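Report on the following structure.
Lettering of chains follows the sequences in order, A, B, ..., and the numbering in each one begins at 1. Everything quoted here is computed from the prediction, not taken from an experiment.
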Amino acid sequence: MDLLAGLNDQQSAAVIHDGGPLLVVAGAGSGKTRVLTHRIAHLIHERGVSPYEILAITFTNKAADEMRERVGRLVGDRFVGLSREEDGTARVRRWGGMWVATFHSACSRLLRQEAHRLGYDNRFTIYDSSDSTRLVGICINDLGIDPKKITPRGAAAAISRAKNELIDFDAFALRARKDGTWYDRQVAEIYRAYQGRLHRASAFDFDDLLVKTVELFELFGDALDHWRQRFRYVLVDEWQDTNHAQYELVRLLCWEHRNLSVVGDSDQSIYGFRGADIRNILDFELDFPDATRVTLDRNYRSTQTILDAANAVIAHNLQRIPKHLWTDVGAGAPIVSYTGENEHDEAAFVAEETARLAEQGEFSPGDCAVFYRTNAQSRLLEEVLVRLGMPYQVVGGTRFYDRAEIKDLLAYLRVIVNPADDVSARRILNVPRRGIGARTEAALDLFAGQERIPFLEACRRVEETQLAARAVGAVSGFVQLIDDLRAAVDTGELSLREIVELVWTRTRYLAELEAERTVEALGRVENVRELATVADEFAARQPDATLPELLESIALVSEQDQLGEGAPRLVLMTMHNAKGLEFPVVFMVGMEDSVFPHHLTLGDPGALEEERRLCYVAMTRAQQRLYLTRAWHRTLFGATNANPPSRFLREVPAELVQDRSGDSGGPSRRGLAKAGARSQYQRDDDTDDGDLLVGDWILHPRFGTGQILELSGQPGSEEAVIRFDESGTKRLALAYAPLVKMW
DNA sequence: GCCTAGCCCATTTTT
DNA sequence: TGGGCTAGGC
């Protein structure tokens with residue numbers, strides 16, 4: 001097998017590189033995944049490296065699965081821990097072959113073997129961000145700090161930032177005392193309390209997975225030696241988005257053997273806000289002076305037009321390694337710009353254009369993707385798509401696993417696995433309602449703190465508290481329930497699905513929901529049942545899977561992981577979520593200053609550069625067609641604004657762009673008509689402002705919808721009194737007011 | 001202890 | 001826009 005077949009010179013160089021650190025600067029669409037997979041295959045095949053010695057880090061679980069499959073195809077499934085069924089479906093053997101994982105899942109896996117050394121249970125729980133925010137809130141409460149002055153969210157974010165920098169609470173406190181604000185000193189206290197709570201609960205938050213692994217390596221030389229020898233070859237994808245903790249982890253693992261390959265693109269660093277440190281890539285060669293650099297700038301994805309546009313935009317950034325993408329596939333179609341009257345019009349354009357492409361047989365809706373800056377923008381896109389009957393899928397937004405009912409059930413499962421998990425125990429203490437209120441909970445927590453025991457243990461000893469008999473009875477019932485569930489699970493006779501079902505039956509969770517008989521409750525019932533399906537699917541992929549493993553995989557799923565399930569349809573997602581993906585047709589909507597770039601970044605040059613990188617990432621997802629759309633007027637969070645065109649739009653050379661705003665009879669006519677059409681969309685070109693009558697409903701771009709109460713004046717200078725739904729009653733001159741009749 | 005109404009608030013991106 | 005939270009009533 002020729003692993004270099006079809007690769008260009010730079011790619012080949014990266015694949016066969018031997019000896020010392022390797023930095024692959026890989027522009028968007030330059031085939032970096034190919035380089036990584038072929039490099040791994042090369043190591044195994046040509047250099048006799050055991051797959052067992054390889055650690056490959058990817059950005060999402062989905063990317064990890066893909067890489068495992070691709071390497072498997074090159075060198076054989078058994079090397080990568082895959083086994084294949086007769087029908088071709090892949091199954092993952094748990095400890096098989098090489099590790100392909102995200103930072104977080106790799107650390108989690110490693111800590112499952114090592115956590116006890118750090119004083120944690122190997123069956124630790126992983127807290128997601130909402131769990132940690134909750135716990136921070138509890139700590140704020142404990143310390144008697146006013147949660148209005150320091151919000152749980154704010155404090156949690158500050159703590160997370162510190163952890164990303166490997167600053168523990170002592171160091172944090174020291175710094176806060178020296179030259180910190182009052183806020184910092186309070187956070188230092190919260191940080192300490194929070195970490196104590198985590199430890200007592202045998203729980204790690206996302207950041208701890210990294211921090212504690214680093215700590216393990218620093219404290220236990222034998223552990224470091226062991227894992228260092230185990231992973232003699234380390235490859236990291238998306239290096240530009242690593243934070244300091246991740247960097248340190250990699251440095252510790254690789255410092256001696258130096259078999260480190262990192263692949264990244266400083267222009268695609270878009271996670272600075274959560275601690276990703278762009279210097280990790282910019283300074284790589286300072287930290288590893290013996291590193292070899294290979295630059296991949298030949299793009300295999302997009303047309304030259306799209307690349308020219310993206311290159312032009314990113315060239316405005318100062319913090320970067322200069323690089324210029326090129327391709328030989330030709331110029332392709334021009335970039336299309338469109339300005340709608342308002343956001344409804346803009347959305348309608350996207351939907352219509354997708355439909356038009358499909359009608360012409362050029363691209364199916366499944367080839368198209370819509371990217372927006374914030375999740376809030378997805379709703380009205382969805383409205384329009386529903387109205388037009390265009391099938392679509394939203395990636396991200398409210399995650400399945402963030403729904404209250406799912407978190408409730410998961411909390412039961414987590415308590416079964418890890419009885420010390422206080423956040424989960426407290427979450428379900430009174431869910432479903434069993435008459436245990438805030439006072440009882442507080443008393444139990446106090447008792448737990450005094451006795452230095454987990455919350456559930458405090459519940460078990462509820463009789464030692466001063467609580468009233470009724471509360472004691474209710475709490476005992478709760479403990480009994482948990483004990484019963486754990487006993488049933490511990491028999492080892494239940495499948496994952498049966499465990500999930502047991503929880504919702506024994507707790508009467510499902511029954512209570514069904515009894516509500518509301519539409520919302522019905523949706524929740526479906527979600528709850530869906531969790532059993534998740535359990536089944538997990539068991540199918542990994543036949544010997546255990547409950548802790550199921551919980552771990554759920555804790556570490558990412559947004560992109562849901563992509564591509566079901567029939568192909570138009571995909572909606574944030575630009576961040578688009579990273580690493582590609583689509584024949586891409587719409588970028590909301591190209592307005594203060595939407596994108598986001599208004600919070602406008603005054604901050606560094607943040608603005610990150611926005612520009614985000615723009616670059618989004619643009620370079622497009623293979624053949626790129627649409628950049630905006631609206632003259634946009635209503636967001638109830639307020640209507642007229643935003644100037646995005647500066648990124650102005651950075652695209654005009655000759656690459658074709659403006660389609662003039663399509664179909666002028667923007668205002670088109671847009672307003674669309675906003676008005678409620679149940680059935682129709683192009684409303686024959687609406688004539690002159691035909692207005694008292695009682696008509698109209699739409700004004702600034703004031704919204706309203707009803708005409710009164711008409712007066714001579715033809716040519718008529719006035720109307722209009723009662724707007726949102727903006728009150730106004731008298732407007734018809735000759736000037738841009739009114740459009742709705743129905 | 002529970003429920004609801006009304007308030008208030010903020011409002012980016014997420015492993 | 002709505003979602004999360006508190007205060008007040010049962």
Which of these nucleotides, [options], is closest to any side-chain atom of [X]?
X: A:R373; options: B:dT14, B:dC2, B:dT12; value: B:dT12
X: A:N430; options: B:dT14, B:dT12, B:dC2; value: B:dC2
X: A:F206; options: B:dG1, B:dT12, B:dT15; value: B:dT15
X: A:N375; options: B:dT13, B:dT15, B:dC2; value: B:dT13
X: A:R470; options: B:dG1, B:dT13, B:dT15; value: B:dG1
X: A:H598; options: B:dT15, B:dT14, B:dT12; value: B:dT12
X: A:T440; options: B:dT14, B:dT12, B:dG1; value: B:dG1
X: A:R153; options: B:dT14, B:dT12, B:dG1; value: B:dT12

Between [X] ([atom1]) and [N] ([atom2]), how many Å, whole number?
X: A:M575; N: B:dT13; atom1: CE; atom2: P; value: 12 Å
X: A:N61; N: B:dT14; atom1: CG; atom2: P; value: 16 Å
X: A:L614; N: B:dT13; atom1: CG; atom2: P; value: 11 Å
X: A:M588; N: B:dT13; atom1: CE; atom2: C1'; value: 14 Å
X: A:I270; N: B:dT12; atom1: CD1; atom2: C1'; value: 12 Å
X: A:L209; N: B:dT14; atom1: CG; atom2: P; value: 19 Å
X: A:I150; N: B:dA10; atom1: CD1; atom2: P; value: 16 Å
X: A:R274; N: B:dT13; atom1: CZ; atom2: P; value: 13 Å

Subject >> CZ (A:R439) with more than 12 external heavy atoms under 6.0 Å >> reply: no

Original post:
Is the base of B:dT15 touched by the side chain of A:H104 through a donor-acceptor pair closer than 3.5 angstrom?
Top reply: yes

**OP:** Give the C-alpha distance, both sets of side-chain angles, the deciding distance and a yes or no for side chain to side chain donor-acceptor pair (under 3.5 Å) between A:Y247 and A:D277.
**Re:** CA-CA 9 Å; A:Y247 178 87; A:D277 193 341; over 6 Å; no

Original post:
Does B:dT13 have A:Y271 stacked on its base, where the ring centres are within less than 5.5 Å and the planes differ by under 30°?
Top reply: no

Subject >> B:dT12 and C:dC5, which share atom name C1', separated by this distance in whole Å >> reply: 23 Å

Subject >> Residue closer to the 5' end of DNA chain B, A:I436 versus A:F273 (nearest nucleotide) >> reply: A:I436

Original post:
Does A:F648 have its ring centroid less than 6.0 Å away from the ring centroid of A:H316?
Top reply: no

Subject >> Identified side-chain contact (heavy atoms from CB on, under 4.5 Å) counterpart of A:C615 within the set A:R647, A:M588, A:M575 >> reply: A:M588

**OP:** Tell me what A:A438 touches on the nucleic acid: a base, only sugar-phosphate, or nothing, going by heavy atoms under 4.0 Å.
**Re:** sugar-phosphate

**OP:** Taking atom types as modelled, find out whether A:N418 and A:S202 have a side-chain donor-acceptor pair closer than 3.5 angstrom.
**Re:** no

Original post:
Under 4.0 Å: is that the gap between some side-chain N or O of A:N577 and OP1 or OP2 of B:dT14?
Top reply: yes

**OP:** Determine: side-chain N/O of A:T574 to OP1/OP2 of B:dT14, distance under 4.0 Å, yes or no.
**Re:** yes

**OP:** Check the pair A:Y401 / A:D128 against side chain to side chain donor-acceptor pair (under 3.5 Å), numbers first and verdict last.
**Re:** CA-CA 10 Å; A:Y401 297 107; A:D128 68 20; over 6 Å; no

